[in-house]
Number of protein chains: 2
Amino acid sequence: MTQPPWQPITPAKPTRTPKEPLNRERIVDAAMRVLVESGYDAVSMRKVAQALGTGPASLYAHVANKRELDQLLVERAAAQMRFDEPVDPARWQEQLKAMMREMLRAMRANPGVARAAIGAVPLGERALMSTERMLTLLKAGNIPDQAAAWAVDLIPLYVTAVAFEETVQSATDWKPEDVERFISGLRSYFESLPADRFPLTVALSGVLTSGAAGDERFEFGIAVIVAGLASLAEKN
Amino acid sequence: MTQPPWQPITPAKPTRTPKEPLNRERIVDAAMRVLVESGYDAVSMRKVAQALGTGPASLYAHVANKRELDQLLVERAAAQMRFDEPVDPARWQEQLKAMMREMLRAMRANPGVARAAIGAVPLGERALMSTERMLTLLKAGNIPDQAAAWAVDLIPLYVTAVAFEETVQSATDWKPEDVERFISGLRSYFESLPADRFPLTVALSGVLTSGAAGDERFEFGIAVIVAGLASLAEKN
DNA sequence: TTCGATAGTAGAACAGTGTTCGTCAACGAA
DNA sequence: TTCGTTGACGAACACTGTTCTACTATCGAA
């Protein structure tokens with residue numbers, strides 16, 4: 001609208017479009033999106049803030065620091081575990097292994113979160129349900145109380161370490177052929193060692209470098225751990 | 001020497017005091033000093049360069065990047081492992097556990113290096129000696145070839161995860177009383193859970209939160225792994 | 001209705017990181 | 001003597017976590 005020349009045009013005050021207020025849940029939601037889309041290395045305070053249309057300093061009214069945000073990510077990833085099969089005491093070893101596979105699946109669904117998970121103690125509802133289920137299975141196998149309790153620490157630690165190792169490898173941006181070349185170079189290296197000093201390393205160079213792709217090594221690890229736990233069973 | 005007044009004194013050209021040339025070994029030496037004195041978080045390209053009296057860009061003529069420097073640190077830490085006791089096939093389980101304790105000791109002597117160790121494959125001489133020794137002990141226990149080979153992966157992974165977890169805790173700058181308070185708060189939390197939904201978690205809250213200080217949990221873990229491996233022994 | 005307190009927002013700044021760029025000096029071969 | 005190579009290293013780039021400071025909106029008391 002044209003103004004009379006003697007009346008200066010008063011610029012309209014810029015009003016902030018009201019935004020949905022920040023809270024921890026929205027911050028973790030945004031961080032999860034960044035994590036799933038771009039991996040853990042991309043989860044920075046700036047990137048999360050950007051995803052929320054704000055500045056990084058805004059987050060600090062809701063989370064103490066980056067480490068606390070990491071904890072919340074770990075809890076959220078832990079919350080994705082599903083243990084739908086009813087507990088069957090007769091199949092406690094098989095079901096314990098199934099839990100370990102499910103833990104690994106949940107970590108793989110959140111690339112790199114394993115890096116934040118070691119040392120974290122998830123205490124959310126779903127994590128507690130996981131703890132209770134592990135205890136139930138272990139007691140079904142007659143594992144003594146203390147052993148059962150400490151197995152609840154050992155089991156996720158091993159799974160997290162495997163997931164962590166995988167993220168280190170994928171962070172290298174290696175193609176399958178790069179991995180193949182590395183593995184085959186490793187084998188050649190083992191074969192070329194002086195057989196007098198490293199007889200078994202040379203002799204077993206084939207199996208030392210097999211099973212790196214796929215889940216065979218993970219399956220081996222969980223079999224060893226479960227067998228070790230089974231050996232602790234009290235005889236009735 | 002006094003100059004004739006008509007000959008201006010030529011100022012001496014500032015010559016760089018010749019420095020000992022950089023090489024990978026000196027760079028790793030400096031990084032190890034920073035690691036031992038200040039922990040892994042302090043090991044940055046700038047700090048290492050500073051310790052060498054140079055700039056960070058100088059390091060890149062000798063190491064590709066920070067990750068490669070980390071690898072070299074892991075190798076150097078692995079080189080500190082000592083296995084002086086002769087192999088005794090009759091005591092293969094005990095000696096395997098002793099190796100795991102020694103691996104943990106070497107990692108604790110280099111605070112935080114576990115953070116760089118997961119996903120790293122140390123291939124230095126001392127690491128290979130460790131591999132050979134593990135294989136010797138496992139074969140002494142009649143473990144099949146493939147199981148022995150994959151155990152060589154599982155064993156250090158578990159030890160490294162334990163060491164990593166410890167560095168997360170110490171990075172929090174917690175005093176023993178802080179840990180005590182956290183543990184006791186955790187126990188109270190477990191005790192306060194609804195016993196109908198988490199009966200075993202509530203019942204075992206004592207042991208769930210015991211053994212966090214000291215090496216009991218680590219000893220439990222290595223016992224489980226060694227027992228699991230022993231269960232794979234071929235019968236003769 | 002007014003005013004002060006509080007909480008949250010968010011740009012700017014601080015102190016740090018890994019890495020690359022561009023320049024310079026030293027050195028050895030031609 | 002000249003030239004190419006190699007290593008050294010300050011500056012710069014793009015990023016990080018976190019704090020400082022100023023501002024705005026909301027709320028409750030007077």
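As a basis for the values below, the full set of heavy atoms in this structure was taken, side chains included, without hydrogen atoms, waters or symmetry mates. Each chain gets a letter, A, B and so on, in the order the sequences are listed, and its residues count up from 1.
Remark on DNA chain C: of its neighbouring residues Pro56(A) and Leu59(A), the 5'-side contact belongs to Leu59(A), judged by nearest-heavy-atom nucleotide. Both Gly53(B) and Val43(A) lie close to DNA chain D; mapped to their nearest nucleotides by heavy-atom distance, the more 5′-ward contact belongs to Gly53(B).
When the nucleotides dT19(C), dG8(C), dG17(D) are ranked by their closest atom to the side chain of Ala61(A), dG8(C) comes out on top. Among the nucleotides dG17(D), dT9(C), dT19(C), the one closest to any side-chain atom of Lys66(A) is dG17(D).
Here the C1' atom of nucleotide dT19(C) and the CD atom of Glu68(B) are 14 Å apart, to the nearest Å. What separates CG of Asn65(A) from C1' of dG16(C) is a distance of 16 Å, to the nearest Å. Between the P atom of dG8(C) and the CZ atom of Arg26(A) lies a distance of 14 Å, rounded to the nearest Å. Distance CD (Gln50(A)) to P (dG17(D)): 13 Å, rounded to an integer number of Å. Between the OH atom of Tyr60(B) and the P atom of dA8(D) there is a distance of 14 Å, rounded to whole Å. Atom pair Asp41(B):CG and dT16(D):P shows a separation of 18 Å (rounding to whole Å applied). If you take CZ of Arg24(B) and P of dA8(D), they are 13 Å apart, rounded to a whole angstrom. As a whole-Å value, the separation of Leu52(A) CG from dG11(C) P is 13 Å.
Looking at heavy-atom distances under 4.0 Å, Ser58(B) makes contact with a base.
Ring geometry, Phe220(A) versus Trp150(B): the interplanar angle exceeds 60°, so the pair is classed perpendicular (tilted spans 30 to 60°).
Taking the six-membered ring for Trp and the full ring otherwise, the centers of Phe198(B) and Phe190(B) sit at least 6.0 Å from each other.
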**Q.** Derivation and outcome, side-chain contact (heavy atoms from CB on, under 4.5 Å), residues Arg33(A) and Glu37(A)
**A.** CA-CA 6 Å; Arg33(A) 286 197 295 276; Glu37(A) 285 161 17; 4.1 Å; yes

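Atoms CE and CD, from Met107(B) and Gln80(B) in turn, are 11.0 Å apart once rounded to the nearest 0.5 Å.
One finds no salt bridge joining Arg197(A) and Glu132(B) here, because no Lys/Arg side-chain nitrogen approaches an Asp/Glu carboxylate oxygen to under 4.0 Å.
Contact check, Thr54(B) against dA8(D): no side-chain N or O comes under 4.0 Å of OP1 or OP2. Between His62(B) and dA8(D), a side-chain N or O to OP1/OP2 separation shorter than 4.0 Å is present.
Judged by distance alone with a 3.5 Å cut-off, no donor-acceptor contact links the side chain of Arg46(B) to the base of dG16(C).
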